[in-house]
Every structure is written in structure tokens, then in C-alpha cells.
Amino acid sequence: MSFNPNQGRKFAEVLKETSRVSEASSKEAPSKESSNYIKREKRRPYTFSLRPSARTKLTEIAKEHGYSSSSSFLNDVILEGKLELK
């Protein structure tokens, strides 16, 4: 394998071009204030007691409504008022 002196220059040019592209893309990225950034609350674990049959029913209802977890379902039910009391 032989060394080509022009190969080093080509490599340097490619690196410069890559850095120009990344700088341009970072300048175009919208800030949180200007975009449709939605501030969400962080989730925290809470402990409460349920009967085993209630927990099973909660999991079934969450799956019926397309939720992957019962906590996500319960959160939406409480905050969005989807709970129907009989």
C-alpha cells in the first residue's frame, strides 16, 4: 500500500464539509420555546392498595382500551375524566 499525499488533503476537506453540515443543522434546530414543545410532568411511583381481583380487572380494562400498562390507563382516566361511575 503506497501513501498518496493528496489523500490527506481530501480527507481534511471531507472533515471540514462534515463539520459545516453539522453546524448548519444545529443552527436550524428549533429551540424549545419556539417549537410545539409540551412540558410534561415527570412520573413518580406511588403505592396504594387494591384487592387482587380489582388489580386483575384494572389490567383487563386497560388492555381492552389499548393501553400497555394499567398505570398509563389509570392516569388518563383520572386526568381526562374518562371514568364512568355507575
Side-chain angles (χ1 to χ4, degrees):
M1 184 185 226
S2 64
F3 177 74
N4 183 352
N6 292 329
Q7 195 172 20
R9 289 186 196 127
K10 289 179 184 177
F11 185 69
E13 288 174 13
V14 169
L15 286 177
K16 286 180 185 178
E17 186 63 33
T18 305
S19 66
R20 285 185 207 137
V21 170
S22 65
E23 287 174 9
S25 64
S26 66
K27 289 178 184 176
E28 294 173 4
S31 64
K32 289 182 180 179
E33 293 81 24
S34 65
S35 67
N36 292 332
Y37 177 76
I38 299 172
K39 185 174 181 181
R40 298 181 187 252
E41 290 180 275
K42 289 185 179 180
R43 296 182 81 157
R44 291 184 166 181
Y46 291 96
T47 304
F48 57 94
S49 299
L50 291 174
R51 293 182 185 156
S53 58
R55 173 64 180 172
T56 303
K57 184 71 174 176
L58 176 62
T59 303
E60 288 173 8
I61 294 170
K63 286 182 181 180
E64 286 174 8
H65 286 87
Y67 286 84
S68 59
S69 70
S70 55
S71 64
S72 295
F73 171 71
L74 193 56
N75 191 60
D76 284 353
V77 166
I78 293 168
L79 293 177
E80 296 179 16
K82 293 180 181 177
L83 183 62
E84 295 179 20
L85 298 176
K86 294 180 181 179

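FYI, the numbering just counts along the sequence from 1.
- To the nearest 0.5 Å, the span separating NE2 on His65 from CG on Asp76 amounts to 11.0 Å.
- In plain terms, the two heavy atoms of Leu58 and Ser70 that are nearest each other are CG-CB, 3.8 Å.
- Scanning for side-chain contact (heavy atoms from CB on, under 4.5 Å) contacts around Lys57 gives Glu60, Ile61, with sequence neighbours left out.
- Under the side-chain contact (heavy atoms from CB on, under 4.5 Å) criterion, Ser69 pairs with Ser71, Ser72, sequence neighbours left out.
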Contacts table for residues 44-52: side-chain donor-acceptor under 3.5 angstrom, sequence neighbours left out:
none

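- Interatomic distance, Glu41 CD to Asn75 CG, rounded to the nearest 0.5 Å: 8.0 Å.
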